[in-house]
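See structure below.
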2 protein chains.
Amino acid sequence: MIRTLADTAYSLEERQLADFAKALGHPVRIQILKILINQSCCFTGNLTEIFPLAQSTISQHLKALKEAGLIQGEIMPPKVRYCLNKEKWPLVQTLFKELLKL
Amino acid sequence: MIRTLADTAYSLEERQLADFAKALGHPVRIQILKILINQSCCFTGNLTEIFPLAQSTISQHLKALKEAGLIQGEIMPPKVRYCLNKEKWPLVQTLFKELLKL
DNA sequence: TTTGTTTATCGCAAATATACGATGAATATA
DNA sequence: TATATTCATCGTATATTTGCGATAAACAAA
């Protein structure tokens with residue numbers, strides 16, 4: 001992909017918001033996030049039981065949500081417990097709230 | 001891409017929300033949307049002056065926003081005036097509001 | 001140490017996204 | 001009719017996303 005001036009032409013907030021939105025741009029990740037919002041934390045294994053997807057695929061979606069800063073993972077050997085990213089979540093809410101004028 | 005049961009495993013709302021989020025998943029489209037939210041409508045030509053991107057690229061981003069239902073275009077020869085999609089906008093607000101518990 | 005459990009990562013294939021220049025379509029004006 | 005303006009679409013190249021199975025890593029328990 002060719003990116004020139006555009007790379008620096010966006011504000012931090014615009015890039016953050018786009019990254020958050022991009023991470024929300026798949027129905028599986030919407031569902032995962034809903035689970036974490038509504039019923040606190042869960043393990044990867046719980047999700048592989050719910051979704052008709054391979055374990056590796058679920059893990060990739062979790063990685064995408066984690067890298068976007070929407071969720072965080074806590075290692076509890078041999079499991080990993082995922083929760084909302086409590087630090088970033090207020091920013092997520094604020095940025096969408098501001099954009100959509102809610 | 002292989003999709004099996006998953007295609008039907010998502011609710012309409014989840015797919016809609018994912019589509020909206022996906023369309024918001026690029027900083028240029030965030031900026032375009034901001035312009036339309038804050039200063040009403042604009043023409044494609046206005047945007048090609050603002051962004052350091054080819055006219056065809058801007059047009060593609062507008063198409064993405066339009067197909068997601070976020071904006072609508074009105075032909076005013078030889079220009080096209082883009083505005084927020086007034087019909088869909090309340091749904092956009094509602095779905096994000098519900099997800100993020102705003 | 002060996003085995004089982006759980007999860008992440010690698011490697012691959014197919015689909016989608018992003019960018020550009022070139023071209024086409026629609027319309028107003030000369 | 002011919003020209004200029006505006007915008008969309010086409011064709012192409014490259015990057016990213018999405019999915020899978022296979023494998024590796026981390027650790028508990030036998």
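Each chain gets a letter, A, B and so on, in the order the sequences are listed, and its residues count up from 1.
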Pairwise 5' ranking along DNA chain D for A/R29 and A/P77, keeping only the more 5' one: A/R29
Rounded to the Å, how far apart are A/I75 CD1 and D/dA28 C1'? 15 Å
What does the list of N/O pairs under 3.5 Å between the protein and nucleotides 2-8 of chain C look like, with a distance for each?
{"residue": "C/dT7", "atom": "OP1", "partner": "A/T44", "partner atom": "N", "Å": "3.4"}
{"residue": "C/dT7", "atom": "OP2", "partner": "A/G45", "partner atom": "N", "Å": "2.9"}
{"residue": "C/dA8", "atom": "OP1", "partner": "A/Y82", "partner atom": "OH", "Å": "2.1"}
{"residue": "C/dA8", "atom": "OP2", "partner": "A/S59", "partner atom": "OG", "Å": "2.8"}
{"residue": "C/dA8", "atom": "N7", "partner": "A/Q55", "partner atom": "NE2", "Å": "2.9"}
{"residue": "C/dA8", "atom": "N6", "partner": "A/Q55", "partner atom": "OE1", "Å": "3.1"}

Provide, to the nearest angstrom, the distance between the NZ atom belonging to A/K63 and the P atom belonging to D/dG19. 15 Å
Rounded to the nearest angstrom, tell me the gap between atom CD in A/E74 and atom C1' in D/dA26. 16 Å
Whole-Å gap separating C1' (C/dT18) and OH (A/Y10): 10 Å
Starting at atom CD of B/Q60, determine the distance to atom P of D/dA8, rounded to an integer number of angstrom. 11 Å
Below 4.0 angstrom from OP1 or OP2 of D/dT16, is there any side-chain N or O of A/K22? no
Which residue pairs pass the side chain to side chain donor-acceptor pair (under 3.5 Å) test with at least one member in residues 79-100 of chain A, sequence neighbours excluded? A/E74-A/R81
Measure from CD on A/E67 to C1' on C/dT9 and round the result to the nearest Å. 12 Å
Got a sec, which residues hit side chain to side chain contact (heavy atoms under 4.5 Å, CB included) with A/Q31, two or more places apart in sequence or on another chain? A/F51, B/Y10, B/E14
I need the full list of side chain to side chain donor-acceptor pair (under 3.5 Å) pairs touching residues 53-64 of chain A, with sequence neighbours left out, sorted by first then second residue. A/R29-A/H61
Return no unless some side-chain N or O of B/H61 is found under 4.0 Å from OP1 or OP2 of C/dA17. no
Could you tell me which residues satisfy side chain to side chain contact (heavy atoms under 4.5 Å, CB included) with B/A68, sequence neighbours excluded, listed by chain and number? B/A23, B/L70
Side-chain heavy atoms under 4.5 Å apart, restricted to Ile/Leu/Val/Met/Phe/Trp/Tyr: what other residues fall into the cluster of A/F43, or is it alone? A/M76
Side-chain N or O of B/H26 closer than 4.0 Å to phosphate OP1/OP2 of C/dT16: no
Are there over 12 heavy-atom neighbours, none belonging to A/L12, within less than 6.0 Å of that residue's CG? yes
